[in-house]
Amino acid sequence: MSEYALYIDGQAVAAKTAFPVVNPATGAVFAQAPLADAETVESAVAAAARAFSATGWRDDESLRRAALQTAAERLEAAQEVIARLITQEQGRPLAFARAEVAGAVAVLRGHAALPLPEDVILRDDTESLARVERRPLGVVAAITPWNVPVILLALKLAPALLAGNTIVAKPSEITPLSTLRLAEAIGSAFPPGVFNVVSGAAETGRALAAHPAVRKIAFTGSVATGRALFRNAADDFKRLTLELGGNDAALVLEDADPALIAEKIFWGAFWNSGQICFAIKRLYVPAALQKRLLEALLSRARKTVVGDGLEEATELGPLTTATQLERVRALVADAKSRGGVVHTGGRVPDAGFFYPPTLVTGLGSGTPLVDEEQFGPVLPLIPYTDAEAALAEINANPYGLGASVWTSDVERGLGIARRFESGLSWVNEHQSLHPGTPKGGWKWSGLGYEGGREGLEAYRQLQVVHVARGAEGGHS
Ligand code: NAD
């Protein structure tokens, strides 16, 4: 049995069965999570549908804002306990886990105060009124991955609820506990049924996504799952927002100073042990600069403290799963077999799913480590002599989440940044996002936007209301 509960219709609900949650810093099971079967998913969606049709929630904007504000306060009060769970189930250092919860609090607060765009009046005279109004969609299924579990939920929950929808969230089976604990902390801020959480793996997600009462799927995760959801949503034309994988490139220009940029590039690639959708995953370097940049990055890698995220000094935690560790090992072995040279950073603990920050030279596109999303602390350096050709190669990749250019000439950098085929584009930074930024991937990296005004609109639909005037006397 699990000491954690599902959250349905304003109540903590026990499940008949449980599944294990592993601490990646030790490789050992440390808790059991409740498994929501199809029947339980049905009851969560039914509760959300009832809460939506009860009208009080969807018609009362001030109630929704107050609820989001209360939820923000309760989440803030639970910051430490949720942050420790993130570190234990996902692996990241505790300071970053605390920052993730603080970020989620800020998302809830920001949405509590985010204006809902005004209705547009098309005509308003003695003969008729015509107005474009916006309505919520109904029940939203929010399906999240394991790499940043709490903030990715907040980015769905806050706009969905502000817009007047109700929600059933399904966290990743790898990191369910932080979301279950979040529901325990903030659930009662909302009327029963408005916010529900069911945990489980793909089967639970499939049952939720396929439910006919679900009107929108808000998904963050892999391209493969995104593709399956997109196909299946066609059956009843569910709305979708898909935030998928990335293979972000950083393009260093010949006027960049390796000593100045190495630290930022290091963190742009290795933060969260590379398990960030918009981490730098390919580094294009002028051939003449490669040696200096490699040395600067390698010296930073060798100093990095890799260990259990609960220890204060840790800078990088483990990979989150044994599968992910195996994938990274396999990609590096494949790179070696193709002539890649592997430069490895510092020591890592023996137990758990650790991998040291690693740089690989001698590879080009056409190899899996360069072409695919490695999602781990391994960065290939690709030397080039022609920046235009490098840009073309970067854009030829099917992913289009983010890209950055590094230069001492910001104007030139901007010119290149605007030519990246990606939803995020940076000059001399990578991974930074301002609050309220709409984020969305191009090409394989997604569909639609999450965050900001655009993200909010993804949870509403237009209704054009027409009123004929002068006929109120009735028809004979
Ligand atoms: P995943 O696709 O395996 O799983 C994501 C979620 O979907 C989990 O909750 C999982 O249980 C559920 N799921 C799996 N199969 C399902 C199905 N058939 N129907 C419904 N739900 C299903 O992804 P993951 O491995 O957890 O996450 C890593 C991926 O997420 C990486 O590719 C990463 O780049 C991407 N990601 C993207 C963003 C972004 O904003 N674009 C952010 C974070 C992570």
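Quick note: numbers below take in every heavy atom, side chains included, and nothing from hydrogens, waters or symmetry partners. Counting starts at 1 for both ligands and their atoms, in listed order. Computed from a predicted model, the values in this text were never measured in an experiment.
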Across all chains, not counting sequence neighbours, the side-chain contact (heavy atoms from CB on, under 4.5 Å) partners of A301 are F266, P357
Show which atoms of ligand 1 fall inside a sub-4.0 Å distance from at least one heavy-atom site of A201.
-> 11 (O)
Could you list which atoms of ligand 1 come closer than 4.0 Å to a heavy atom of P145?
-> 24 (P), 26 (O), 27 (O), 44 (C)
Answer yes or no: is there a donor N or O on one side and an acceptor on the other, between the side chain of T314 and the main chain of L310, under 3.5 Å?
-> no
Select the closest option to atom 24 (P) of ligand 1 among W444, Y399, W146, judged by heavy-atom distance.
-> W146
Report the part of A224 (side chain from C-beta onward, or backbone N, CA, C, O) that has a heavy atom under 4.0 Å from ligand 1; answer both or neither where that applies.
-> neither
Run down the list L208, T225, T144 and name the one with the heavy atom closest to atom 14 (C) of ligand 1.
-> T225
For atom 35 (C) of ligand 1, find the nearest protein heavy atom and state the residue, atom name and distance (0.1 Å precision).
-> G221 O, 3.2 Å
Checking S425 side chain against A417 main chain: does a donor-acceptor pair fall under 3.5 Å?
-> yes
Measure across W57 and N165 and return the closest heavy-atom pair with its distance rounded to 0.1 Å.
-> NE1-O, 2.8 Å
Under the salt bridge (Lys or Arg N to Asp or Glu O under 4.0 Å) rule, what pairs show up with a residue in residues 208-217, not counting sequence neighbours?
-> none
Under 4.0 Å from ligand 1, counting heavy atoms only, is it the side chain of S222, its backbone, both or neither?
-> both
Looking at F375, is R327 sitting on its ring face, NZ or CZ under 6.0 Å from the six-membered ring centre and within 45 degrees of the normal?
-> no
For atom 34 (O) of ligand 1, which candidate among E373, Q275, R227, K170 holds the nearest heavy atom?
-> E373
Mark yes or no for whether N232, through its side chain, and A228, through its backbone, hold a donor-acceptor pair below 3.5 Å.
-> yes
Do any heavy atoms of E450 fall under 4.0 Å from ligand 1?
-> no
For ligand 1, is any non-hydrogen atom under 4.0 Å from V148's backbone (N, CA, C, O), its side chain (CB onward), both, or neither?
-> neither
Counting only heavy atoms, which portion of F278 has something under 4.0 Å from ligand 1: side chain, backbone, both, or neither?
-> neither
Value rounded to 0.5 Å, distance of OG1 in T225 from CZ in R227 | 10.5 Å
Can you check salt bridge (Lys or Arg N to Asp or Glu O under 4.0 Å) on R282 and D248, steps first, answer last?
-> CA-CA 6 Å; R282 313 177 266 164; D248 287 17; over 6 Å; no
Which atoms of ligand 1 are found less than 4.0 Å from any heavy atom of P171?
-> 9 (O)
Does the N or O separation between N147 and ligand 1 drop below 3.5 Å for any pair?
-> no
Region of A228 that comes within reach of ligand 1 [heavy atoms, distance under 4.0 Å] = neither
Starting from atom 21 (N) of ligand 1, which protein heavy atom do you reach first, and at what distance in Å?
-> G205 CA, 3.6 Å
